[in-house]
Asker: 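Input: one structure, supplied below.
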There are 2 protein chains.
Amino acid sequence: MTDYLKTIHKSKLFRKVPETDLEPLLEQLDSQLKFYRAGQVAVTAGRRVRRVGLILEGTFNMYEYDFWGREHHIDTLKSGMLLLENNAVSGTVTIHNYTAMESSVILWFNIREILRLDETHTSNTILIQSFMKELARKNLQLYTRLSDLDRMSTKEKLLSFLSKEALRHNSDEFDIPFDRKQLAEYLSVERSAMSAELSALAKAGYLETRRNHFKLLKPSLRTED
Amino acid sequence: MTDYLKTIHKSKLFRKVPETDLEPLLEQLDSQLKFYRAGQVAVTAGRRVRRVGLILEGTFNMYEYDFWGREHHIDTLKSGMLLLENNAVSGTVTIHNYTAMESSVILWFNIREILRLDETHTSNTILIQSFMKELARKNLQLYTRLSDLDRMSTKEKLLSFLSKEALRHNSDEFDIPFDRKQLAEYLSVERSAMSAELSALAKAGYLETRRNHFKLLKPSLRTED
DNA sequence: TTCAAGATGTTGGAATTCCAACATCGCTGT
DNA sequence: ACAGCGATGTTGGAATTCCAACATCTTGAA
């Protein structure tokens, strides 16, 4: 554990816990390090979850099986991200599976331990704050993508995504964090069709783009029409 | 406030707080009742959020405007649900707007107040537990829909949704909580096209359905082929 | 500078979905 | 039983998207 104290203390979750309090806190949380080799299954769907995992190193594939046994990718979880946080808090059974995509390390800990009524140290409160922030952050992130996918056409998905990017950068001109392939995957559409739609949008005067740089155009401000 | 104490105490959030502690707790949270008439805008995008809202009565439309000023519906929030919980916790600015769809009542309160390091009563811990559970529950709900929308075809969206319904009911035969119109809206596809796709799936031996009742069929167990 | 590989744009036919219009079904009230 | 209305299924043409194949552009390495 001590080998990873620094890494743990760098995570968003534990960053604000005073360094001297960290080790006793981890103790209180009944925490435990686990190591996974590439390809190793870390969590299987159907198990009741008690602990939350904090990924200290590595990457995990989060996926599910449908009724007919087909596998579907849900998310890719990287270092610093949490794992099973929702099920641990709500005391529910996961429907997801998690597999290490490379050599990885997870810190498992019992977040409910910190909510015990009789234990109320400063560090506990700090951790709870950080943990709640993580839950809220994830919620907002899911809402964001959901509102992009909740459209009937590629065009509308693109406009939804780009609108929010403009808002996020507080400018009508910005760089997006995806290349075309990643953007298509994010929007769940086919890459070349999306490319074509971007060209159509540019021709229609909605935007200008080159690589991952975009400039959105208001109808009245369009350079040409 | 006293008129609504019972309603507040019935909510998932405050249910577990001892009845005698409720009023002082609400006081501590700097809480406040607000009344909205049908059509009244409750929250406008762009404001930094401090308080969380608990809907005591009524319904709110949660929506956003895109870069070109077009309005898009995001969610419908009903009695007992929270409002701005994510932005309040993470201290971020909302990009959403909220409008009362009927005569409504919201209890606004400062959830961060409860995380103050010097205040650690039993009721606080209980509230924090409930609040975190709500965040986690919402997260799981968003993940669920996201994985349904994250497909390229109506067929796959349907199979994804139905798979999880089967899992939820722990049976290959179940009733879904939607009629066709609602299901189409949930999956962001066109109703009649979805209906046609359901017929095709039935013909292909994936399922049997009548109204909101479904039975999923494994290839090897299909009654015919 | 040149080359190779990856990223992006374009194209055409197949497949899917949208959309409107209409048929049928099923439930409810009379 | 019957009328009426909303829910559901079906259909055909228009529009969109998928998909594969290929052209062009960019970037990094040699």
Side-chain angles (χ1 to χ4, degrees), chain A residues 66 68 70 72-73 76 145-146 148-162 165 173-217 224, chain B residues 66 68 70 72-73 76 145-146 148-162 165 173-217 224:
Chain A
D66 69 13
W68 294 270
R70 299 178 306 163
H72 296 281
H73 172 77
T76 300
R145 182 147 108 103
L146 205 44
D148 291 334
L149 292 188
D150 187 12
R151 305 291 160 98
M152 308 240 299
S153 69
T154 300
K155 172 183 172 182
E156 291 299 330
K157 287 181 178 180
L158 282 167
L159 295 183
S160 173
F161 168 73
L162 293 171
E165 283 296 290
E173 200 163 354
F174 50 84
D175 290 346
I176 66 172
F178 299 135
D179 63 22
R180 293 290 185 272
K181 186 179 175 184
Q182 294 170 320
L183 181 56
E185 188 169 340
Y186 173 87
L187 296 178
S188 275
V189 297
E190 203 273 332
R191 182 198 62 77
S192 70
M194 185 192 76
S195 234
E197 192 57 51
L198 276 174
S199 298
L201 284 171
K203 190 172 295 177
Y206 282 93
L207 51 83
E208 291 168 2
T209 177
R210 180 191 151 75
R211 292 285 183 178
N212 70 335
H213 186 78
F214 284 79
K215 180 176 184 179
L216 302 189
L217 305 173
E224 56 186 346
Chain B
D66 70 13
W68 295 270
R70 298 177 309 162
H72 296 281
H73 172 76
T76 299
R145 183 148 107 101
L146 206 44
D148 291 334
L149 293 189
D150 188 13
R151 305 291 160 98
M152 307 239 301
S153 69
T154 301
K155 173 183 174 180
E156 291 299 331
K157 287 181 179 181
L158 282 167
L159 295 182
S160 173
F161 169 73
L162 293 172
E165 283 296 290
E173 200 163 355
F174 50 85
D175 291 345
I176 66 171
F178 299 135
D179 62 22
R180 293 289 184 274
K181 186 178 174 186
Q182 294 170 321
L183 180 56
E185 189 169 340
Y186 172 86
L187 297 178
S188 275
V189 298
E190 202 273 331
R191 183 198 61 77
S192 71
M194 184 191 77
S195 233
E197 193 56 52
L198 275 175
S199 299
L201 285 171
K203 191 173 294 178
Y206 282 94
L207 51 84
E208 290 169 2
T209 178
R210 180 190 149 79
R211 293 285 180 173
N212 69 335
H213 187 79
F214 284 80
K215 181 175 183 178
L216 302 190
L217 304 174
E224 57 186 346

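Proteins come first, then strands; the chains are lettered A, B, ... in the order of their sequence lines, and each starts at number 1.
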Asker: Which comes earlier along DNA chain D counting from the 5' end, the contact point of R211(A) or that of S188(A), where each point is its nearest nucleotide?
Answerer: S188(A)

Asker: Check whether any side-chain heavy atom of T209(B) lies under 4.5 Å from a side-chain heavy atom of L201(B), and answer yes or no.
Answerer: no

Asker: Looking only at side-chain N and O atoms, does S199(A) come under 4.0 Å of OP1 or OP2 in dT10(C)?
Answerer: yes

Asker: Could you please spell out the steps behind the side-chain contact (heavy atoms from CB on, under 4.5 Å) verdict for L183(A) and F161(A)?
Answerer: CA-CA 9 Å; L183(A) 181 56; F161(A) 168 73; 3.5 Å; yes

Asker: Round to a whole Å and report the spacing from NZ of K155(B) to C1' of dT16(C).
Answerer: 12 Å

Asker: Taking atom P of dT17(C) as reference, at what distance in whole Å does atom CD of E190(A) sit?
Answerer: 14 Å

Asker: From dT8(D), dA20(C), dT8(C), pick the nucleotide closest to the side chain of S192(B)?
Answerer: dA20(C)

Asker: Quick one: is T154(A) getting a side-chain N or O under 4.0 Å of the dT17(D) phosphate, OP1 or OP2?
Answerer: yes

Asker: Atom CE of M194(B) and atom NZ of K181(B): how far apart are they, to the nearest 0.5 Å?
Answerer: 12.0 Å

Asker: Rounded to whole angstrom units, what separation is found between the CE atom of M194(B) and the C1' atom of dA7(D)?
Answerer: 11 Å

Asker: Without decimals, in angstroms, what is the distance between L201(B) CG and dT16(C) P?
Answerer: 11 Å

Asker: Apply side-chain contact (heavy atoms from CB on, under 4.5 Å) to H72(B) and E156(A), showing your working.
Answerer: CA-CA 11 Å; H72(B) 296 281; E156(A) 291 299 330; 4.2 Å; yes

Asker: Looking only at N and O atoms, is any donor in the side chain of S153(A) or the base of dA15(D) less than 3.5 Å from an acceptor on the other one?
Answerer: no

Asker: Which ones in residues 174-185 of chain B lie close to DNA chain D, meaning a heavy atom under 4.0 Å from one of its atoms?
Answerer: D179(B), R180(B), K181(B)

Asker: Look at all strands and tell whether M152(B) reaches a base, only sugar-phosphate, or nothing, counting heavy atoms closer than 4.0 Å.
Answerer: sugar-phosphate

Asker: Would you state whether a donor and an acceptor, one from the side chain of R210(B) and one from the base of dG26(C), lie under 3.5 Å apart?
Answerer: no

Asker: Find the distance between CG (L162(B)) and CD1 (I176(B)) and round it off to the nearest 0.5 Å.
Answerer: 6.5 Å

Asker: Side chain of R191(B) only, please: which of dG9(D), dC18(C), dT8(C) is the nearest?
Answerer: dG9(D)

Asker: What's the CZ-P distance between R151(B) and dT16(C), to the nearest Å?
Answerer: 17 Å

Asker: Can you classify the ring geometry of F214(A) versus F174(A) as parallel (below 30°), tilted (30 to 60°) or perpendicular (above 60°)?
Answerer: parallel

Asker: Taking NZ from K157(B) and P from dT16(C), how many angstroms apart are they, rounded to a whole number?
Answerer: 15 Å

Asker: Atom CG of L198(B) and atom C1' of dT11(D): how far apart are they, to the nearest Å?
Answerer: 17 Å

Asker: Hey, does R151(A) have a side-chain heavy atom less than 4.5 Å from the side chain of L159(A)?
Answerer: no

Asker: Whole Å only: how far is the CD atom of E197(B) from the P atom of dA15(C)?
Answerer: 14 Å

